[in-house]
Protein chains: 2
Amino acid sequence: MELHVLFHSVHQLSRQIMKRNNTVLQKYGLYSAQWSVLYVLMQQGRLTQKELSEYLAVEAPPMTRTIQRLVKQGYVRQVPGEDKRMKFIELTELAQKEYPVWEKAVLEMNEQTIKGFSKEHQRQLQQLMAEWLSSLESQQGEEEKK
Amino acid sequence: MELHVLFHSVHQLSRQIMKRNNTVLQKYGLYSAQWSVLYVLMQQGRLTQKELSEYLAVEAPPMTRTIQRLVKQGYVRQVPGEDKRMKFIELTELAQKEYPVWEKAVLEMNEQTIKGFSKEHQRQLQQLMAEWLSSLESQQGEEEKK
DNA sequence: GGAAAATAGTTACCTAGGTAATTAAAGGAG
DNA sequence: CTCCTTTAATTACCTAGGTAACTATTTTCC
């Protein structure tokens, strides 16, 4: 088994997906990283930056940047917590109003991206990747024991 | 089927793989994008930048940057072609000498990354991704007809 | 042959993500 | 209470990849 090929395929798929998302979001002045934050906030409600970055499996610094851009665009608010170290992030009314439009566009593109790939194959693929990710996660867990 | 989840998994896997590759390459002063160029050159011999970027499915500008860094490190040479627009890229003797060491380190990390994921599952995953990628490719082909 | 179109590579500038170091607040041990 | 450690967020700086615009050749077509 050529692992290079496997890894390359994963990488290329990831870039293709992001590229397509960016294409569709462009006309709303959004980018894929911003969208993923908006999406999570809509599903989960207000979260701290820490929770957001854990949820999206991204380090804190990129999360700070993405949020600051969303703040500047007026789509998100930072609310200081009782613990003054943390900041809760929540959608503004503007974002909640615009959300359905964004979502529709993204969902359409998602369907387009997955077109020609059967539900059963999607399920298999998701299953395999989940398994792989969890094995990677458990490896990391071991290393952090030190 | 939650496409968000599927796409997120692909993205996360891609980042994990690159992160691990960078970790192992760090001690040789290399990064994953550089490695992928060195790897292709070792397999294929001298290639033009155009061929390299097509092979790795990367746009020309990032390829220029990666190559310029490799040139600076003395691992790669740019040889002007007969057609003066193109530049052939080839490994230097230094790179050829060091290559086995790099390869060993990368292969070990690859095995570690895939550990706990059976050969059969690897094969299935590769199969599914190849199918998906080719369907995406054919979509792009259609759009370029315009 | 000469003007126009195509092509290889580069430059400039953007987003996405990473690490290391810093700041400010909260907790804990003595 | 004080000092030390931990933690959330930020800042600075790095690689990876993308698009748009540009340069310099080559091809094409009249």
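In what follows, every heavy atom counts, from backbone to side chain, and hydrogens, waters and symmetry copies are set aside.
Nucleotides of DNA chain D with any atom under 4.0 Å from a heavy atom of chain A span, from 5' to 3', D/dT7 to D/dT19.
By the neighbour-count criterion of 12 heavy atoms within 6.0 Å, atom CD of B/Q26 is sparsely surrounded, having that number or fewer from other residues, nucleotides or ligands. The local environment of CD in B/Q43 is crowded, with over 12 non-hydrogen atoms from other residues, nucleotides or ligands closer than 6.0 Å.
B/Q44 places none of its side-chain heavy atoms less than 4.5 Å from the side chain of B/E51. With contacts defined as side-chain heavy-atom distances shorter than 4.5 Å, the pair B/W102/B/L38 qualifies.
Judged by closest nucleotide on DNA chain C, A/M18 is the one of A/A60 and A/M18 placed further toward the 5' end. Residue-to-nucleotide proximity on DNA chain D shows that, of A/K19 and B/N22, the 5′-proximal contact is made by B/N22.
For residues 65-80 of chain B, proximity to DNA chain C is found at B/R65, B/Q68, B/Q78, defined as any non-hydrogen atom under 4.0 angstrom from a strand atom. A heavy atom closer than 4.0 Å to some atom of DNA chain D occurs in B/Y31, B/S32, B/A33, these being the qualifying members of residues 28-41 of chain B. Residues from residues 47-58 of chain A that place a heavy atom under 4.0 Å from any atom of DNA chain D, listed by number: A/T48, A/Q49, A/K50.
A straight line from NZ of B/K87 to P of C/dG9 spans 8 Å, rounded to a whole angstrom.
Every pair tested for ring pair (Phe, Tyr, Trp, His ring centres under 6.0 Å) that includes a residue from residues 41-74 of chain B fails, sequence neighbours excluded, so the list is empty. Contacts classified as salt bridge (Lys or Arg N to Asp or Glu O under 4.0 Å) and involving residues 32-43 of chain A (residues at least two apart or in different chains) are not found.
No side-chain donor-acceptor contact under 3.5 Å links A/S14 to the backbone of A/V10. Between the side chain of A/Q126 and the main chain of B/F7, no donor-acceptor pair closer than 3.5 Å is present.
A side chain to side chain donor-acceptor pair (under 3.5 Å) with B/Q124 is found for exactly one of B/Q122, B/Q127, B/E120, namely B/E120. Just one residue in the list B/V71, B/T48, B/I67, B/V40 forms a side chain to side chain contact (heavy atoms under 4.5 Å, CB included) with B/I89, and that residue is B/I67.
Applying the ring pair (Phe, Tyr, Trp, His ring centres under 6.0 Å) test to A/Y99 and every residue at least two apart in sequence or in another chain returns A/W35. Legend: residues meeting side-chain contact (heavy atoms from CB on, under 4.5 Å) with B/E111, ordered by chain and number and at least two apart, are A/L3, B/I114. When the salt bridge (Lys or Arg N to Asp or Glu O under 4.0 Å) test is applied to A/E93, the partners found at least two apart in sequence or on another chain are A/R77. The side-chain contact (heavy atoms from CB on, under 4.5 Å) search around A/P61 returns A/E59, not counting sequence neighbours.
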Output one line per pair: protein atom, nucleotide atom from nucleotides 20-29 of chain C, and distance, for all N/O pairs under 3.5 Å.
from, atom 1, to, atom 2, distance (Å)
C/dA26, OP1, A/K84, N, 3.2

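Regarding contacts with the backbone of C/dT10, a side-chain N or O of B/T64 is found under 4.0 angstrom from either OP1 or OP2.
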Quiz: residues 128-135 of chain A side-chain donor-acceptor pairs under 3.5 angstrom, not counting sequence neighbours:
from, atom 1, to, atom 2, distance (Å)
A/E131, OE1, B/H121, ND1, 3.4
A/E131, OE2, B/H121, ND1, 3.1
A/W132, NE1, B/T113, O, 3.0
A/S134, OG, A/E131, O, 3.2
A/S135, OG, A/W132, O, 3.2

